[in-house]
Amino acid sequence: MEVPARLTHSKRQSLFLLPCSPFPALSPSSTALSLPQSTQLCCSDPFSPPGMVSIVLEVTCSLVAWLSLYSCFCYWNKHRSYEWSCRLVTLVHGVIVTCLSGYVALLDGPWPLTHAGSPNTSLQIHVLSLTLGYFIFDLGWCLYFQTEGDLMLFHHMLSICGMIMVLGLGKSATEVNAVVFVSEITNPLLQTRWFLREMGCYHTFLGEVVDFFFVFLFLVLRIGGGAFIMCAMVTSPDPSWLLKAGGLAMYIVSLGFMVEICHFARRKMLKKYRSWTSLRSMNAPVKTNGHLAAH
């Protein structure tokens with residue numbers, strides 16, 4: 001007698017539930033549904049054509065967006081220099097990326113000091129793609145107008161290579177995103193300082209406040225926080241050795257910037273001290289033959 005097809009199908013399914021199998025029967029569709037969508041995207045091979053194409057398109061769109069914003073600023077500020085428009089783009093990028101990278105590092109996770117070398121999340125990929133497009137734009141602008149020194153150009157090239165490597169490998173975006181946060185948080189203050197100087201408002205109380213917070217945040221976050229991130233990256237076995245070398249080179253560049261900032265702070269403090277002593281000597285009462293001179 002012929003066995004019904006539905007019974008045969010149930011027998012075949014029961015073979016996967018025998019005691020000799022430690023796992024229950026899972027269909028491919030149920031396995032895919034059991035993972036969150038963001039996890040599936042991060043676990044995909046970044047070197048596969050769909051993964052690489054999406055990242056390249058995202059970086060290209062970011063580059064076009066920053067170029068378009070720069071063109072708009074140049075059109076709206078025809079009476080200003082090209083550097084004015086470029087620094088406006090830098091200011092906008094610094095504010096946006098500081099907020100996004102700070103949210104990813106401090107709230108969304110994973111924590112960079114304990115999960116260095118972890119797989120990239122979709123939000124980390126979006127933030128790094130946005131930043132990579134900006135750095136490509138800014139490096140091209142600096143090379144064309146030749147406004148920056150070798151240290152800044154080296155910093156940009158290291159940043160671009162590091163982000164390309166992280167997006168290509170599909171891991172270590174956690175610590176690189178944290179480096180972007182501690183690096184870009186001082187950029188809006190740096191650009192504000194430049195704009196105040198251009199508008200003749202630098203030698204005011206606002207200029208003093210901007211300088212103080214720029215130096216303070218640079219030393220505390222970029223140097224202090226960057227040291228913790230570097231230690232976590234170097235001691236973790238998961239990140240690539242090439243990425244570790246690039247991270248150390250980036251930190252050395254930050255130390256070079258720190259030397260320049262310390263020289264600036266020293267000159268400014270000496271200038272203020274001399275101004276204070278000269279003002280004090282002018283206001284001090286003058287003695288004539290042991291008696292105060294009449295005013």
Trainee: Identify the heavy atoms of S62 and Y134 that sit nearest to each other, and give their distance.
Mentor: OG-N, 4.0 Å
Trainee: Hydrophobic clusters here meaning ILVMFWY residues chained together by side-chain heavy-atom distances under 4.5 Å, can you tell me if F214 and V259 are in one?
Mentor: no
Trainee: Go through the steps for N187 and E184 under the test side chain to side chain contact (heavy atoms under 4.5 Å, CB included), then give the verdict.
Mentor: CA-CA 5 Å; N187 209 348; E184 290 298 319; 3.0 Å; yes
Trainee: Looking only at non-hydrogen atoms, find the nearest pair between N120 and S172 and report the distance.
Mentor: OD1-N, 3.4 Å
Trainee: Nearest 0.5 angstrom please: H155 NE2 to D138 CG, how far?
Mentor: 10.0 Å
Trainee: Is Y82 atom OH crowded by more than 12 heavy atoms from other residues, nucleotides or ligands, each under 6.0 Å away?
Mentor: no
Trainee: With a 4.0 Å cut-off, would you call E175 and K244 a salt bridge?
Mentor: no
Trainee: Should F135 and M165 be regarded as members of a common hydrophobic cluster, given that ILVMFWY residues are connected when their side-chain heavy atoms come within less than 4.5 Å of each other, either directly or indirectly?
Mentor: yes
Trainee: Would you compute the distance between atom CZ of F218 and atom SG of C262 and round it to the nearest 0.5 angstrom?
Mentor: 8.5 Å
Trainee: Indicate if Y144 and W84 have the same hydrophobic cluster label, given that clusters are the connected sets of ILVMFWY residues with side-chain heavy-atom separations under 4.5 angstrom.
Mentor: yes
Trainee: Please list every donor-acceptor pair under 3.5 Å in which a side-chain atom of residues 67-75 meets a protein atom from a residue at least two apart or in another chain.
Mentor:
{"unit_1": "S68", "atom_1": "OG", "unit_2": "V64", "atom_2": "O", "d": "2.7"}
{"unit_1": "Y70", "atom_1": "OH", "unit_2": "W141", "atom_2": "NE1", "d": "3.0"}
{"unit_1": "S71", "atom_1": "OG", "unit_2": "L67", "atom_2": "O", "d": "3.0"}

Trainee: Does any pair with a residue in residues 60-86 pass salt bridge (charged side-chain N to carboxylate O under 4.0 Å, His left out), and if so which ones, sequence neighbours excluded?
Mentor: E83-R87
Trainee: Tell me, with the steps shown, if H93 and T131 meet side chain to side chain contact (heavy atoms under 4.5 Å, CB included).
Mentor: CA-CA 8 Å; H93 168 264; T131 306; 3.8 Å; yes
Trainee: Inspect the surroundings of CZ in F216 and state if more than 12 heavy atoms from other residues, nucleotides or ligands are less than 6.0 Å away.
Mentor: no
Trainee: Is there a chain of hydrophobic side chains (I, L, V, M, F, W, Y, each step under 4.5 Å between heavy atoms) that links I160 to V56?
Mentor: no
Trainee: In terms of heavy-atom contacts, does CE of M199 have more than 12 from other residues, nucleotides or ligands at under 6.0 Å?
Mentor: yes
Trainee: Hey, does F264 have a side-chain heavy atom less than 4.5 Å from the side chain of D211?
Mentor: yes
Trainee: If you group Ile, Leu, Val, Met, Phe, Trp and Tyr by side-chain heavy-atom gaps below 4.5 Å, do V97 and Y103 land in one group?
Mentor: yes
